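Note sheet for the following structure.
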There are 2 protein chains.
Amino acid sequence: MTTDTPARLLQLLSLLQTPREWPGSELAERLQVSGRTIRRDVDRLRDLGYPVQATMGAEGGYRLVAGKALPPLVLDDEEAVAIAVGLRAGAGHAVEGIEEASVRALAKLEQVLPSRLRHRVKSLQSATSSLVYDRGGDGAVIAPETLTVLASATSGHERLRFSYEAGDGARTRRLTEPYRLVSAGRRWYLIAYDIDRDDWRTFRVDRVSDPFATGARFAPREVPTGDAAEFMRATVWRGAPTFEVDVTFRAPAAEVARRLPPSFGAPEATGADSCRLRATVQDSLEWVAMRLALLGPDFTVHGPSELAEHVARLGSRLTRAAAG
Amino acid sequence: MTTDTPARLLQLLSLLQTPREWPGSELAERLQVSGRTIRRDVDRLRDLGYPVQATMGAEGGYRLVAGKALPPLVLDDEEAVAIAVGLRAGAGHAVEGIEEASVRALAKLEQVLPSRLRHRVKSLQSATSSLVYDRGGDGAVIAPETLTVLASATSGHERLRFSYEAGDGARTRRLTEPYRLVSAGRRWYLIAYDIDRDDWRTFRVDRVSDPFATGARFAPREVPTGDAAEFMRATVWRGAPTFEVDVTFRAPAAEVARRLPPSFGAPEATGADSCRLRATVQDSLEWVAMRLALLGPDFTVHGPSELAEHVARLGSRLTRAAAG
DNA sequence: TCATGTAGGACAGGTCACGACCTAATTGAG
DNA sequence: CTCAATTAGGTCGTGACCTGTCCTACATGA
C-alpha cells in the first residue's frame with residue numbers, strides 16, 4: 001500500500017471511525033508501522049482537533065469520539081448509498097430549517113460518488129418516492145437531480161440552462177446566472193438573473209426541467225434588494241394563501257404534539273383525553289388533510305370549510321373503496 | 001494555522017469538495033504555500049485514488065470528481081446535521097435493502113458528532129417522527145438512538161444491557177452479547193447471546209428500551225445455525241401472517257407503479273385508465289390501508305376483507321371528522 | 001502482583017517536503 | 001492571431017520532519 005504519512009493518517013482516521021476499540025498494536029500491524037509511530041499519529045489527529053480517546057490498561061485501545069470539529073467521514077460503499085438515498089428521499093420534504101443544508105450535502109456527496117454507486121442509488125431511490133415526494137400535495141414533484149444540479153451551479157457560480165413552464169403552461173428555455181436556491185414554505189425557489197430577459201427572476205423549481213450547468217463561470221452581481229430572503233418575500237409570497245386550521249383531537253395533547261409537524265404549533269389540552277389545535281398554515285389543504293388522517297386518533301374539523309371538504313372527500317373515497 | 005502536510009491535505013480535500021472550480025493560485029494563497037506545493041498535493045490526492053479533475057487554460061482550475069474511491073466527506077455543521085436528521089428519519093422505514101447500512105452510517109456519524117450539533121439534531125428530529133416512524137403500523141416505534149446504540153455495540157463487540165418487554169408485557173433486564181442487527185420485513189431484530197439465559201435469542205428492537213453498551217468486550221461466538229439470516233428465519237418468521245391484497249385503481253398502471261412501494265410489486269393494466277394489483281404482503285394491514293389512501297387515485301378493495309375493514313374504518317373516521 | 005495497554009522523552013539516520021526556477025502545453029478572449 | 005491565464009512537470013539545495021529503537025512512567029483489570 002501507499003506508505004507515506006498523509007495516506008496513513010487518512011487510513012487511520014477511517015479505521016478509528018469504526019465504532020470499536022483499536023489496540024495500538026493492531027493499528028501498527030495494519031498500517032505496517034511501529035507502535036511508536038501510531039502513537040505519534042494519534043497525537044497528530046488530536047492536534048487536528050479530532051479527539052481520539054484512549055482507554056488505558058488491559059483491554060484498552062483507541063477510538064474516535066465526539067469533539068469540537070467533525071472529522072472527515074470515511075464511508076464504505078453501502079453507507080454512502082444509504083446516505084444518498086436517505087437525502088434524496090428527504091430532499092423533497094425535509095425537516096424545516098435544514099432543507100438547503102440537506103441539498104448541499106447531497107450535492108457534495110453526489111459530486112464524488114463513484115458511478116457504480118450512483119446506479120445503485122438511482123435504482124433504490126424509486127422506492128421512496130411515493131409517500132414522501134408530493135410535497136405541495138398538488139403534484140409538484142421535484143426530482144432530486146434537479147435540486148442537486150441547481151445547488152451545484154449556484155454555489156459554483158456556473159451559468160444554468162433549463163426549460164421552464166410558466167403558470168399558463170407555456171414552456172420556455174432559460175439561460176440564467178443562479179444566485180440562490182431557497183426553500184420557502186413547502187416549495188423550492190431558484191433566484192437567478194435571467195440573461196435573455198436581462199432581469200432578476202424567481203423560478204419555482206418544480207416547474208424547472210432538464211437543467212444543466214453550462215460550465216461558464218460568472219461573477220455574482222448584486223441582488224436588487226440586497227438580500228435573497230427579502231427578494232423572495234417581495235416577489236413570491238405576496239398573496240400566498242394561508243388558512244386558519246381549527247381541529248379537535250380525541251387524544252392527549254402530548255401525544256398529538258409528538259406526532260404533529262412542529263410548523264403546526266402545539267395543541268392545547270381541553271381535557272385529559274382531548275385537545276384542540278389552532279394553527280395558521282400556508283400549506284395546501286389536501287396535504288393538511290392527509291397529515292391529519294395519518295395522525296391516528298379521531299378528530300373533528302371545525303374549520304376552514306375547505307379543509308373539511310378535503311377530509312370529507314378523502315373519507316368518501318375510502319368508504320367507496322371499501323364497499324367494493 | 002497548522003502548517004504540516006497531512007493537515008493541509010485534509011484542508012485541500014475539504015476545499016475541493018465544494019462544487020466549484022479552484023484555481024491553483026487561490027488554493028495556494030488559502031493554504032499559505034507555493035503553487036508548486038499545491039500541484040504536488042493534487043498529485044498526492046490523485047495517488048490516493050481521489051481524482052482531481054483539472055481544466056486547463058484560462059478560467060481553469062481544480063475540482064474533485066467522481067472516481068473509483070469515495071473520498072472522506074468533509075461536511076460543515078449544517079450538512080452534518082442534515083444528514084443525521086435525514087438518516088434518523090429514514091432509519092425507521094428506510095428503503096428496502098439498505099436499512100442496515102443506513103443505521104451503520106448513522107452510528108458512524110453520531111459517534112463523532114460534536115455535542116452542540118447533537119442537540120440540534122435532537123430538536124429537529126422530532127419534526128419527522130410522525131409520518132414516517134410508525135413502521136409496523138401497530139405502534140412499534142423505534143427510537144433512532146436505540147438503533148445506533150445497538151449497531152455500535154454489535155460492530156464493536158461490546159456487551160449490551162437493556163430491558164425487554166416480552167409478548168405478554170413482562171419486563172426483564174437482559175445482559176447480552178449482540179451478534180447482529182437485522183431488518184426483516186418491516187421490523188428490526190437483534191440477534192444476541194443472552195448471558196443470563198445462557199442461550200441465543202432474537203429480540204424485537206421495538207421492545208427494547210434503555211439499551212447501553214457496558215464497555216466490556218467479548219469474543220464473538222459461533223451462531224448456532226451458522227448464519228444470522230438462517231437463524232432469523234428459523235426463530236422469527238415462523239407463522240408471520242401474510243395477506244393476499246387485491247385492489248383495483250382508477251388510474252394508469254404506470255402512475256400507480258410509480259407511487260407504490262416496490263415491495264408491493266407492479267399492478268397490471270386492466271384498461272387505459274385502470275389497473276389491478278395483486279400482491280402478497282406481510283405488513284400490517286393498517287399500514288397498507290394508509291398507503292393506499294395516500295396514493296391519490298380512487299381505488300376499490302377486493303380483498304382481503306380485513307383490509308376492507310381497515311379502509312372502511314379510516315374512511316368513516318374521516319367522514320365523522322369532516323361532519324364536525 | 002503481573003500482564004497489557006497508553007504516554008511520551010531522547011536520539012540518530014535518512015527521507016522527503018518545500019520553494020525557487022525553469023519549460024511545455026492548453027484554452028479562451030480580444 | 002496573439003496574449004494572458006492556467007495546469008503540468010523537471011531539477012536542485014536546504015532544512016525540517018518523520019521513523020524506529022531505546023527507555024521510563026503510569027493506568028487498569030485479573
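Just so it is clear, the model here is predicted, and its values are computed rather than measured.
- Nearest nucleotide to the A/R39 side chain, out of C/dG8, D/dC18, D/dT7: C/dG8.
- At C/dA17, none of the side-chain N or O atoms of B/T5 fall inside 4.0 Å of OP1 or OP2 (strictly under the cut-off).
- The side chain of A/R46 lies closest to C/dA7 when the candidates are D/dG9, D/dT7, C/dA7.
- In the set D/dG20, C/dA17, C/dA7, the nucleotide with an atom closest to the side chain of A/V33 is D/dG20.
- Using a 4.0 Å heavy-atom cutoff across all strands shown, B/G61 reaches sugar-phosphate atoms only and no base atom.
- Side chain of A/E79 to main chain of A/D76: a donor-acceptor pair is present (N/O by atom type, distance under 3.5 Å, no hydrogens or angles).
- Atom P of nucleotide D/dT7 and atom CG of B/L16 are separated by 11 Å, given to the nearest angstrom.
- Within a 6.0 Å sphere centred on CZ of B/R30, other residues, nucleotides and ligands contribute 12 heavy atoms or fewer.
- Atom CD in B/E21 sits about 11 Å away from atom C1' in D/dT6, given to the nearest Å.
- Distance B/Q32 CD to C/dG19 P: 10 Å, rounded to the nearest Å.
- You'll find a donor-acceptor pair under 3.5 Å spanning the side chain of A/R36 and the base of C/dG9, going by distance alone.
- Toward the 5′ end of DNA chain C lies the nearest nucleotide of A/P23, the other residue of the pair A/P23 and B/R44 mapping further downstream.
- Set against D/dG10, D/dT21, D/dC18, the side chain of A/S34 has D/dT21 as its closest nucleotide.
- Checking A/W200, A/F203, A/Y193 one by one against A/Y179, the ring-ring contact (aromatic ring centres under 6.0 Å, His included) holds for a single residue, A/W200.
- In this structure, CG of A/D47 is placed 14 Å from C1' of C/dG8, rounded to the nearest angstrom.
- Here C/dG5 presents its P atom at 15 Å from CH2 of A/W22, a figure rounded to the nearest Å.
- Side-chain N or O atoms of A/R118 include one that pairs as donor or acceptor with a backbone N or O of A/E110 at under 3.5 Å.
- When each of C/dA20, D/dT7, C/dA7 is scored by its nearest atom to the side-chain atoms of B/R40, the top-ranked nucleotide is C/dA20.
- Rounded to whole angstrom, the span from the CG atom of B/D41 across to the C1' atom of C/dA17 amounts to 10 Å.
- What separates CG of A/D43 from C1' of D/dC18 is a distance of 14 Å, to the nearest Å.
- For B/M56, taking side-chain heavy atoms from C-beta onward, the closest of the listed nucleotides D/dT7, D/dC18, C/dG19 is D/dT7.
- Atom pair B/R63:CZ and D/dT6:C1' shows a separation of 16 Å (rounding to whole Å applied).
- For A/Q111 (side chain) and B/L64 (main-chain N/O), a donor-acceptor pair under 3.5 Å exists by modelled atom type.
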